[in-house]
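Okay, so here's the structure we're looking at.
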Protein chains: 2
Amino acid sequence: MDNSAAIATDRLLRGDCIAEMAKLPDACVDMIFADPPYNLQLGGDLFRPEGSRVDAVDNDWDKFDTLGSYDRFTKAWLREARRILKPNGTIWVIGSYHNIFRVGTALQDEGFWILNDIIWRKSNPMPNFKGTRFTNAHETLIWASQGEDARYTFNYKAMKTLNDELQMRSDWVLPICAGPERLKRNGTKAHPTQKPEALLYRVLLACTKPGDVVLDPFFGTGTTGAVAKRLGRRWIGIEREEDYIEVALERIEAALPLDESALTIMQTARQQPKVAFGTLVETGYLDPGTVLTDTKRRWQAVVRADGSLSVGTDTGSIHKLGATLQGAPSCNGWTFWHHEAGGKLQPIDTLRQTYLLANEP
Amino acid sequence: MDNSAAIATDRLLRGDCIAEMAKLPDACVDMIFADPPYNLQLGGDLFRPEGSRVDAVDNDWDKFDTLGSYDRFTKAWLREARRILKPNGTIWVIGSYHNIFRVGTALQDEGFWILNDIIWRKSNPMPNFKGTRFTNAHETLIWASQGEDARYTFNYKAMKTLNDELQMRSDWVLPICAGPERLKRNGTKAHPTQKPEALLYRVLLACTKPGDVVLDPFFGTGTTGAVAKRLGRRWIGIEREEDYIEVALERIEAALPLDESALTIMQTARQQPKVAFGTLVETGYLDPGTVLTDTKRRWQAVVRADGSLSVGTDTGSIHKLGATLQGAPSCNGWTFWHHEAGGKLQPIDTLRQTYLLANEP
DNA sequence: TGAGCACGTGAATCCCTCC
DNA sequence: CGGAGGGATTCACGTGCTC
């Protein structure tokens with residue numbers, strides 16, 4: 001079953017995504033990428049430590065009365081999505097902990113078969129300003145087929161090449177959308193939640209073929225359309241906010257097919273493996289209670305459970321405490337502190353090397 | 001409400017977790033860590049390319065007929081968990097894409113308030129042997145409180161220290177459980193999904209205090225108990241498989257508790273004794289009439305006898321006045337205001353530190 | 001011209017005690 | 001329980017200006 005010849009592509013449909021999808025024939029698109037409202041349920045204003053106000057998502061389109069009404073909305077658009085998706089097509093949905101569990105459950109309930117959950121690890125997330133939780137540094141994408149036996153597209157080799165000849169993993173490190181890529185209108189961001197093109201690039205490259213039809217029911221400023229055009233895929237966007245539509249059409253008009261040099265920019269920056277001192281404590285390379293000392297054995301510091309050191313009443317990280325004790329502005333704790341090993345003093349940096357050897361590919 | 005004194009801890013309850021939890025009083029544990037069955041839906045055996053069989057999860061306890069029965073099971077144990085958890089306690093649940101969306105939805109439906117979803121990024125995952133999907137290189141944990149207004153424990157400063165002075169993020173890079181840590185019975189793995197101690201270490205260090213009671217309803221080989229014992233937390237495990245119980249008890253018996261000195265962790269400023277600015281004036285650390293200024297010397301404020309400041313006709317506390325002058329919603333006067341000392345500007349916070357050193361036990 | 005610093009900002013469920 | 005008030009709290013980048 002393939003009705004993609006029956007529909008017009010590379011165009012934007014104005015209106016509500018459920019109503020617009022309802023007008024399309026069964027089994028007419030190869031992939032659906034959806035970035036639905038997250039239903040963030042934010043409270044009052046939030047201020048950064050220096051006093052500025054965080055420009056939060058407070059749009060009406062993100063507001064739902066109850067979890068139940070969000071679920072009904074999710075089921076309704078997923079049902080239409082499932083109908084217009086070809087039997088061997090796949091769907092991608094992105095979300096955060098606010099909504100992704102509802103979405104994943106609805107996907108399974110509607111009969112989709114989850115192939116992977118993918119973690120977009122943000123290299124530059126917004127911090128947690130009040131120190132109340134872990135920094136929310138990722139978003140989750142779900143990739144699903146129509147059913148267990150569907151023969152979906154997965155360009156395994158392309159992904160492996162993109163990842164320096166290692167299998168592409170389920171966690172992707174990518175920066176958030178900022179700088180020149182971030183679309184503006186009258187000097188302010190055109191859309192509060194614009195996704196980076198690199199994210200769509202990887203999704204489309206992995207799971208579609210050239211000429212495939214990609215539909216995005218929550219088109220926004222058209223990242224999906226722009227990347228589809230650049231990768232030689234056909235696209236259909238659905239959006240109801242006129243402000244976003246204008247920006248999206250202009251953007252896609254200007255998008256150029258990718259050449260080789262542009263492709264390399266999209267590739268993974270292979271980041272330096274960083275190891276925190278605390279990781280050595282957590283993983284048992286160094287036990288809490290161990291005594292560290294400097295080469296001249298002037299100070300004896302006890303390693304504590306959280307990776308801090310204590311010498312008498314002075315406490316701090318390996319770097320801070322080293323600096324404090326020496327009266328220096330800074331100190332490299334990795335080379336300053338030593339532990340007894342094999343009858344002699346060894347810098348703790350050697351433990352870090354050991355850890356890296358054992359745990360990095 | 002706190003019934004933790006009414007229960008015996010550091011022990012294993014043999015039996016079904018729902019039945020065993022039902023025997024415990026309301027509000028008696030500070031944290032619940034749960035690693036429920038994953039409902040893996042594996043279609044037959046999985047073989048490596050060279051023909052050897054992958055030892056996947058295929059035990060009886062991991063079979064659920066339908067998503068519906070899994071949901072009923074999840075709701076049933078979550079409901080008991082919620083009842084025995086103290087109002088300010090938190091729950092952690094770990095899972096993969098097979099079950100975590102059901103769990104997250106059930107948590108929200110039962111009234112839990114999600115605080116973070118955490119990604120355990122495996123530094124050495126099992127590759128995808130068939131090359132049909134992305135390498136499944138992570139698992140997801142959900143951290144939730146009893147409700148939106150609960151005052152849960154989060155050792156922010158300890159986590160920041162553990163992560164080399166940067167906020168701990170929602171993505172945790174930790175190796176899988178292997179090597180000597182992986183428990184064996186008759187030469188094969190004692191449990192198919194044994195979690196690494198480092199994972200539990202971070203969870204317990206972040207969200208409990210020494211002496212807190214941690215309950216694990218799917219105890220398995222007792223990773224939660226072993227780490228709780230090491231970190232000076234009390235524990236309760238529930239497990240029905242005699243094979244696992246034997247291994248778990250032996251393992252926890254061998255685990256060594258850390259010294260109290262090693263258990264001490266970095267405290268946030270909020271947890272430290274408070275000093276009123278007026279006290280510094282009363283005790284002569286700062287004389288009335290002293291002129292304070294901000295770093296850019298935009299404002300000159302005079303210290304008054306009652307510990308308030310005045311700039312022209314504006315008066316108020318060090319915090320209020322700083323906020324008023326900057327037009328900011330709030331201001332930390334301790335770091336905003338400076339006084340001349342030794343020829344240069346010093347924040348009045350240093351005076352507070354001096355006072356604390358001289359006057360605290 | 002280049003280095004360096006100040007400043008702005010991003011899908012955020014973001015304080016706690018006392019009266 | 002609501003309001004008031006003390007005072008704790010941020011990381012990675014891009015841009016644009018200064019020296």
Side-chain angles (χ1 to χ4, degrees), chain A residues 35-59 61-64 67 94-100 120 122-140 175-182 184 187-189 191-196 218 220 271, chain B residues 108 112-117 144-145 147-152 154 156-157 160 163-170 267-272 274-278 295-296 307 316-323 328-337 348-349 352:
Chain A
D35 182 9
Y38 287 10
N39 189 23
L40 287 182
Q41 308 177 64
L42 302 180
D45 281 340
L46 177 65
F47 293 88
R48 297 185 180 82
E50 100 283 337
S52 65
R53 189 180 144 274
V54 174
D55 183 15
V57 178
D58 58 355
N59 309 64
W61 51 252
D62 196 50
K63 290 185 171 48
F64 294 82
L67 288 175
I94 183 167
S96 65
Y97 67 85
H98 309 85
N99 72 321
I100 199 65
W120 168 25
K122 302 180 184 183
S123 53
N124 50 350
M126 188 159 73
N128 181 291
F129 296 115
K130 304 293 186 186
T132 56
R133 302 181 180 189
F134 299 97
T135 304
N136 194 1
H138 73 275
E139 292 187 26
T140 302
I176 59 176
C177 182
E181 190 189 327
R182 188 86 194 203
K184 306 270 168 133
T188 59
K189 52 185 177 191
H191 192 284
T193 71
Q194 186 184 339
K195 296 294 174 288
F218 306 96
Q271 71 263 4
Chain B
Q108 291 179 310
F112 287 101
W113 187 252
I114 298 180
L115 297 166
N116 276 116
D117 58 338
S145 68
E148 188 173 356
D149 298 321
R151 306 240 308 263
Y152 53 88
F154 179 56
Y156 173 75
K157 198 69 186 299
K160 192 169 173 175
N163 194 38
D164 270 1
E165 301 296 327
L166 288 177
Q167 287 190 336
M168 187 67 83
R169 300 166 38 118
S170 57
Q267 302 292 302
T268 60
R270 276 201 187 94
Q271 295 165 296
Q272 281 154 12
K274 232 197 274 190
V275 180
F277 179 67
T295 44
K296 293 177 187 164
S317 70
I318 54 171
H319 314 293
K320 264 277 141 53
L321 190 62
S330 67
C331 166
N332 184 343
W334 290 108
T335 50
F336 179 73
W337 294 108
I348 55 177
D349 194 46
R352 177 169 62 163

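As a basis for the values below, the full set of heavy atoms in this structure was taken, side chains included, without hydrogen atoms, waters or symmetry mates. In what follows, chains are A, B, ... by sequence order, proteins preceding strands, each numbered from 1.
With hydrogens and angles ignored, no donor-acceptor pair under 3.5 angstrom links the side chain of B:T268 to the base of D:dA8. The base of D:dA4 lies outside donor-acceptor range of the side chain of B:K320, with no N or O pair under 3.5 Å.
Using a 4.0 Å heavy-atom cutoff across all strands shown, A:S123 reaches sugar-phosphate atoms only and no base atom. If you check every strand for non-hydrogen atoms under 4.0 Å, A:T193 touches a base. Residue contacts for A:G44: at a heavy-atom cut-off of 4.0 Å it reaches a base atom on one of the strands shown. Counting non-hydrogen atoms under 4.0 angstrom, A:P36 reaches a base of the nucleic acid. Nucleic acid contact for A:D35: base, since at least one base atom lies under 4.0 Å from a heavy atom of the residue. Across all strands, A:K195 comes closer than 4.0 Å to base atoms (heavy-atom distances). Nucleic acid contact class of A:D55 (heavy atoms, under 4.0 Å, all strands): sugar-phosphate only. Within the nucleic acid shown, B:Q167 comes within 4.0 Å of sugar-phosphate atoms alone, with no base atom in reach, counting heavy atoms only.
Nearest nucleotide to the side chain of A:P180, out of D:dT10, D:dG14, C:dG10: D:dG14. The side chain of A:P127 lies closest to C:dG10 when the candidates are C:dA12, C:dG10, D:dG7. Considering only the side chain of B:W334, D:dA8 comes nearest among D:dA8, C:dA12, C:dA11. Comparing C:dA11, C:dA12, D:dA8 by their nearest atom to the side chain of A:M126 picks out C:dA12. Among the nucleotides D:dG6, C:dA11, C:dA12, the one closest to any side-chain atom of B:H319 is D:dG6. For A:R48, whose side chain is taken as the heavy atoms from C-beta onward, the closest listed nucleotide among C:dA11, C:dT13, C:dG10 is C:dG10. The side chain of A:I176 lies closest to C:dG10, out of C:dG10, C:dT13, C:dA12. Of all nucleotides listed (C:dC7, D:dC13, C:dA11), C:dC7 comes nearest to the side chain of B:K296. Ranking D:dT15, C:dA11, D:dA8 by closeness to the B:A269 side chain, first place goes to D:dA8.
For the pair B:Q108/A:L67, a side-chain contact is recorded, criterion being any heavy-atom separation below 4.5 Å from C-beta on. Contact of the A:V57 side chain with the A:T193 side chain is registered, since non-hydrogen atoms from C-beta on lie closer than 4.5 Å. For the pair A:W61/A:P36, no side-chain contact is recorded, criterion being any heavy-atom separation below 4.5 Å from C-beta on. Between B:W337 and B:H319 there is no side-chain heavy-atom pair separated by less than 4.5 Å. Using a 4.5 Å heavy-atom threshold, the side chains of A:E181 and A:P196 count as touching.
Between the NZ atom of A:K63 and the C1' atom of C:dA12 there is a distance of 13 Å, rounded to whole Å. In this structure, B:E165 places its CD atom 13 Å from C1' of D:dT10, rounding to the nearest Å. Computed from coordinates, the B:D149 CG to C:dT17 P distance equals 14 Å when rounded to whole Å. As rounded to whole Å, 13 Å separates atom P of C:dT13 from atom CZ of A:F134. The interatomic distance linking B:F112 (CZ) with C:dT13 (C1') rounds to 17 Å, in whole Å. Nucleotide C:dC7 holds its C1' atom 9 Å from the CD atom of A:E50, rounded to whole Å. Rounded to whole Å, the distance from NZ on B:K274 to C1' on D:dG7 is 8 Å. Distance B:R169 CZ to C:dG10 C1': 13 Å, rounded to the nearest Å.
Look at A:K130 and you won't find any side-chain N or O under 4.0 angstrom from OP1 or OP2 of C:dA12. Contact between the side-chain N/O atoms of B:S330 and the OP1/OP2 oxygens of D:dG7 is not found at any separation under 4.0 Å. Considering only side-chain N and O atoms, B:N332 lies under 4.0 angstrom from the phosphate OP1 or OP2 of D:dA8. When the side-chain nitrogen and oxygen atoms of B:R352 are compared with OP1 and OP2 of D:dA8, one or more of them lie within a distance under 4.0 Å. One finds a side-chain N or O of A:N136 lying less than 4.0 angstrom from the OP1 or OP2 phosphate oxygen of C:dT13. Within the structure, a side-chain polar atom (N or O) of B:Y156 is placed less than 4.0 Å from OP1 or OP2 of D:dT10. Residue A:R53 places no side-chain N or O under 4.0 Å from the OP1 or OP2 atom of C:dA12. The side chain of A:K122 places no N or O atom within less than 4.0 Å of a non-bridging phosphate oxygen (OP1 or OP2) of C:dG10.
When the nearest nucleotides of DNA chain D are assigned to A:N124 and B:G333 by heavy-atom distance, the more 5′-ward of the two goes with B:G333. Take the nearest nucleotide of DNA chain C for A:N128 and for A:K189: the residue whose nucleotide is more 5' is A:K189.
A distance of 6.0 Å or more separates the ring centres of A:H98 and B:W113.
A perpendicular orientation is assigned to the rings of B:F277 and B:W334, their planes being inclined by more than 60° (bins at 30° and 60°).
Comparing the same atom, C1', in D:dC1 and in C:dC16 gives a spacing of 15 Å after rounding to whole Å. Remark: the separation of the P atoms in D:dA4 and C:dT13 is 28 Å, to the nearest Å. D:dT9 sits 14 Å from C:dT17 when the P atoms are compared, rounded to a whole Å. If you take atom P in C:dA11 and the same atom in D:dT15, they sit 16 Å apart, rounded to whole Å.
Comment: B:E165 does not engage B:K160 in a salt bridge, judged by the lack of any side-chain N to carboxylate O separation of less than 4.0 angstrom. The pair A:K189-A:D55 meets the salt-bridge criterion, with a side-chain N (NZ, NE, NH1 or NH2) lying under 4.0 Å from an Asp/Glu carboxylate O.
Distance check, rounded to the nearest 0.5 Å: CD1 of B:I318 to CD1 of B:I348 gives 4.0 Å.
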message = Could you write out DNA chain D as dot-bracket? Rules: Watson-Crick or G-U wobble, both distances under 3.5 Å, brackets [ ] for crossings, | for pairs with another strand, dot for unpaired.
response = .|||||....|||||||||
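Applying the 5.5 angstrom centroid cut-off and the 30 degree plane-angle cut-off, the aromatic ring of B:W113 is stacked upon the base of C:dT13.
Under 3.5 Å, the side chains of B:Q167 and A:T135 contain a donor-acceptor pair of N or O atoms.
With its glycosidic angle more than 90° from 0, D:dT9 is assigned anti.
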